[in-house]
There are 2 protein chains.
Amino acid sequence: MLKYQQIAIEIESYIEKHQMQQGEKLPVLESLMKEFKTSKSTIVKALDLLEKKGIIFQVRGSGIFVRRKKRNNYINLLSNQGFQKDLDQFNITSEMLELEIQKPTETVAQNLHVDMDQDIYYVKRIRYIEGNTLCLEESFFNKAIVPYLNNEIGTSSIFRYIEDALSLKIGFSDMYMHVGKLIDQEASYLQLKGGDPKLTMESIFYLTNGTPFDYSKVTYNYNQAQFYILGTGI
Amino acid sequence: MLKYQQIAIEIESYIEKHQMQQGEKLPVLESLMKEFKTSKSTIVKALDLLEKKGIIFQVRGSGIFVRRKKRNNYINLLSNQGFQKDLDQFNITSEMLELEIQKPTETVAQNLHVDMDQDIYYVKRIRYIEGNTLCLEESFFNKAIVPYLNNEIGTSSIFRYIEDALSLKIGFSDMYMHVGKLIDQEASYLQLKGGDPKLTMESIFYLTNGTPFDYSKVTYNYNQAQFYILGTGI
DNA sequence: CAGTGGTCTAGACCACTTC
DNA sequence: AAGTGGTCTAGACCACTGA
């Protein structure tokens, strides 16, 4: 664990433990430097990390203040802000519908940057949140990167498997979202009606070295599709 | 203009000008330091800024690479990634429906952190993108911070007015979104039908010093509600 | 004008990738 | 082993806030 990450975690825990409210002031840089026995830059880097996560905001000439979101029951759209902790606060389970090795369609081949004759893992799941249908998810994994998947991995967390068991490092993602109407087949999976609203999210996930390994298309139940984003900078 | 911001802009222009593609390599840190006659930290800071904006990604031990989004016709959800440049690429206009001074409702008072007897500017607008109805927007501005608004400001850019004319600095925002069905009144504004899908986005905007000055509720036309996010970190 | 955060430097050392 | 990005330090100086 790097020093600045460790410091960030400790400051965040401190805020949590003391139930600090929006606008409450944290100790000044000078104090933090002494407390953590480190240089100014390292503290600044830790604080920048917390600012990016939406935990604090810094005001030049004034101080460092706590920032807190106000609503629960909303899911964080940028999981990097919450280090996956956010989804853990909900009880999310998966039901596997299909899991097989396929050749990619043209769209999939393009998004995963593979040839049409390479193998792809196709995973189709329904995900539940607190027992309600959250979304229908179709994912395509580049088999050259994720050589093996099974039912057990699919019903728990594929990403955790990729990071822990395959020790690959996930880097960044492109996400595209739009709103539309459910077709009958989608509706039946989500226990809704054809023509009901849907939120579709297409994502491409990359390893830290820039290789795309997962293209996924997720159709959300509009009753559960509640997201928040803590924006930094306008 | 700060040095690291200037450098970031120049690197971004370079990428743009040379039409560099996803995965193309930029010069190494050493070269950039020499080229911009500056220290390593400053270059690193400029690159971190570009990484946060989704323009590049850095791979330790390997290099600095260009990142490019693939789809057009999608609106950037995090305008901080694009410095407002993103919306400028579309032709967006506004039609003012209402503009008046009111007392806040309880919800508004809470979100803007004002008392129930303080004055609020209420602004109701329809926004168009390339001539099509994009959204119906209701905004509430704290009059103590934004003391004056008129039709002209409202039909152009209220935020630009706040930053330029009032010289206030906008800091960060909380955004909450969910999907639902249009009620008849909303539908008529958006030239859609009652029961059609809608995306609702509630935002609270804060100045850099943490004071909330704008609470807005935006109902998007589902035909135009196409957003993208360039995620960094998972 | 004192207090506080932000930028910038020069350099040491570390961790990862690539050959 | 060489190349490349990442962390960390110590300190100078700058820019903004608020009493």
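Sequence lines set the chain letters: A, B, ... in the order given, protein chains first and strands last, and positions in each chain run from 1. None of the values given here were measured: they were computed from a predicted structure.
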Donor-acceptor contacts, no H, no angles, side chain residues 113-121 of chain A, under 3.5 Å, sequence neighbours left out:
residue  : atom : partner  : partner atom : Å
A:Gln118 : OE1  : A:Asp115 : N            : 3.2
A:Asp119 : OD1  : A:Lys103 : NZ           : 2.7
A:Tyr121 : OH   : A:Leu149 : N            : 3.3

What are the residues of residues 28-44 of chain A, sorted by number, that bring a heavy atom to within less than 4.0 Å of DNA chain C?
A:Val28, A:Leu29, A:Lys40
Just the table, please: protein N/O against nucleotides 16-19 of chain C N/O, every pair under 3.5 Å.
residue : atom : partner : partner atom : Å
C:dT17  : O4'  : B:Gly61 : O            : 3.3

Angle class for the B:Phe172/A:Phe57 ring planes (parallel below 30°, perpendicular above 60°, tilted otherwise)?
tilted
Sequence neighbours excluded, the answer for side chain to side chain contact (heavy atoms under 4.5 Å, CB included) partners of B:Ser156 is none
Classify the ring geometry of A:Phe159 against A:Phe205: parallel below 30°, tilted from 30° to 60°, perpendicular beyond 60°.
perpendicular
A:Lys53 side chain to A:Ile55 backbone, donor-acceptor under 3.5 Å:
no
Backbone N or O of B:Thr38 within a donor-acceptor pair of the B:Thr42 side chain at under 3.5 Å?
no
Just say parallel, tilted or perpendicular for the rings of B:Tyr74 and A:Tyr176, cut-offs at 30° and 60°.
perpendicular
Counting the atoms with a prime plus P, OP1 and OP2 as sugar-phosphate, which does A:Leu47 contact under 4.0 Å by heavy atoms, base, sugar-phosphate, or nothing?
nothing
Please state whether the rings of A:Tyr122 and A:Phe140 are parallel, tilted or perpendicular, taking 30° and 60° as the class boundaries.
tilted
Bounds of contact between DNA chain D and chain A, in 5' to 3' order, using a heavy-atom cut-off under 4.0 Å:
D:dT7 to D:dG18
Could you list the residues that satisfy salt bridge (charged side-chain N to carboxylate O under 4.0 Å, His left out) with A:Asp174, not counting sequence neighbours?
B:Arg67, B:Lys70
Working to the nearest 0.5 angstrom, can you tell me the gap between B:Glu163 CD and B:Ile170 CD1?
4.0 Å
